[in-house]
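Working notes for the structure below.
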2 protein chains.
Amino acid sequence: MYAIGALSRATDCKVETIRYYEKIGLMPEPARSDGNQRRYADRHRERLHFIRHGRELGFSISAIRELLDLCDRKHRDCAAVDAMARRHRDAVADRIRALTALRDELDRMIRRCAGGDVAHCGVIEVLGDHRLCRHDHG
Amino acid sequence: MYAIGALSRATDCKVETIRYYEKIGLMPEPARSDGNQRRYADRHRERLHFIRHGRELGFSISAIRELLDLCDRKHRDCAAVDAMARRHRDAVADRIRALTALRDELDRMIRRCAGGDVAHCGVIEVLGDHRLCRHDHG
DNA sequence: CGCGATACCTGTAATCATTACAGGTTCCAA
DNA sequence: TTGGAACCTGTAATGATTACAGGTATCGCG
């Protein structure tokens, strides 16, 4: 039986976050000590680990909730889980594309900056005039 | 003189967002009609355009505030502006690296999924067991 | 000039995922 | 038994919007 601090250390998840997950119903209410302190079992640690890992992988809380629901109903077809993972992967890929375009644009902006005064600063110019951008970001 | 809706359409920025920018002091208070409605001039459109473009490029509100301050004090050395752009570019590059690692991991997860039932779903397995990951994401 | 639809006004609360804080209680080791 | 760390609850803050409620202005059309 873990206290919340031990669970926190075991899962690298802040104490406040654990209590938050309980409040939003993502973590089940654990047992309590006589003095009303939370006492966790291994199943809590596993579930929290799953949640934290999902969060690290960028899944939203609601996506993780869905994944956990899918897990709880064991032996059902995993196509739904797979589809979620694919959707998420595609979203990440889109984000990478957008950020790459952005990085290139920032590079161009920086190259335009001749090192003079603000009146001739390429960075300011580009920010003020969308037409100086090479890509559509919107 | 634009009403707020016209400015909204001209800059592709929601009406609520324009009022929000005014509230936080990012946009100056515009003139008002007799009936107390906001009336904007071109300089507002330009400034809002600058702000929106900065946001699209991923600059935070406070970064944009700094940039605008630097701009307002014209003819001062643009090294500070340049440095901000560089810092931001580097942050974007870091984010791209992290997301690329993440995308690769999601790909591996998806490939592990044999298409069977949830009990054998690679996606669930990886989420539940950090050791199945190839990279450190934390 | 009057009417009605649309656009506008203010102020407040919600969103998302946490984190921080205040003020009080419990636990555990020395 | 005592002292300090860890715990408790409840509330508010973060960042950048967005949404809503309840009321007022504007504008084109007849």
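Letters A, B, ... are given to chains in the order of the sequence lines, protein chains preceding strands, and every chain is numbered from 1. Atom set for the values below is all heavy atoms of this structure, side chains included, hydrogens, waters and symmetry mates excluded. These numbers were taken from a predicted model, which means no experiment stands behind them.
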Short N/O separations, protein against nucleotides 23-25 of chain D, under 3.5 angstrom:
{"unit_1": "D:dA25", "atom_1": "O4'", "unit_2": "B:Q37", "atom_2": "NE2", "d": "3.3"}

Problem - Touch class at under 4.0 angstrom, heavy-atom based, for A:R52 against every strand present - result: sugar-phosphate
Practice task
Evaluate the side-chain proximity of A:D42 to A:R45: yes if any heavy-atom separation is below 4.5 Å, no if none is.
Solution key: yes
Handout entry: Residues which pass salt bridge (charged side-chain N to carboxylate O under 4.0 Å, His left out) with B:R65, listed by chain and number, not counting sequence neighbours
Key = none
Exercise for the section: Let me see the working for A:I51 and A:M27 under side-chain contact (heavy atoms from CB on, under 4.5 Å), right down to the final yes or no. Expected result: CA-CA 9 Å; A:I51 294 167; A:M27 285 291 285; 3.7 Å; yes
Exercise for the section: Measure from CE on A:M1 to C1' on C:dC28 and round the result to the nearest Å. Expected result: 18 Å
Exercise for the section: Pull out every residue in residues 13-28 of chain A that has a heavy atom closer than 4.0 Å to any atom of DNA chain D, ordered by number, or say none. Expected result: A:R19, A:K23
Handout entry: Interatomic distance where CZ belongs to A:R55 and P belongs to C:dC16 [whole Å]
Key = 12 Å
Handout entry: Nearest-Å distance for atom pair CD1/P, residues A:I4 and D:dA6
Key = 13 Å
Fill in the blank from the handout: Between B:A3 and A:I61, whichever has its closest DNA chain C nucleotide further toward 5' is B:A3
Completion exercise
Closest heavy-atom pair, B:A41 versus B:M1, reported as atoms and distance to 0.1 Å, is N-SD, 4.2 Å
Handout entry: Residues forming a side-chain hydrogen bond (donor to acceptor under 3.5 Å, both in side chains) with A:R47, sequence neighbours excluded
Key = none
Practice task
Have a look at B:R32 and say if it touches a base, only the backbone sugar-phosphate, or nothing, with a 4.0 Å heavy-atom cut-off.
Solution key: sugar-phosphate
Handout entry: Residues which pass side-chain hydrogen bond (donor to acceptor under 3.5 Å, both in side chains) with A:E16, listed by chain and number, not counting sequence neighbours
Key = none
Handout entry: Whole angstrom value for the distance that separates C1' of C:dA7 from OH of B:Y2
Key = 18 Å
Problem - Nucleotide nearest A:R38 when distance is taken to its side chain, options C:dT18, D:dC8, C:dC8 - result: D:dC8
Exercise for the section: Might you work through the salt bridge (Lys or Arg N to Asp or Glu O under 4.0 Å) test for A:E22 and A:R38, ending with a clear yes or no? Expected result: CA-CA 11 Å; A:E22 182 182 326; A:R38 290 169 180 83; 2.7 Å; yes
Handout entry: Results of side-chain hydrogen bond (donor to acceptor under 3.5 Å, both in side chains) for A:S33 - residues two or more places apart only
Key = none
Practice task
Can you see which heavy atom on A:I64 is nearest to which on A:G54, and at what distance?
Solution key: CD1-C, 3.8 Å
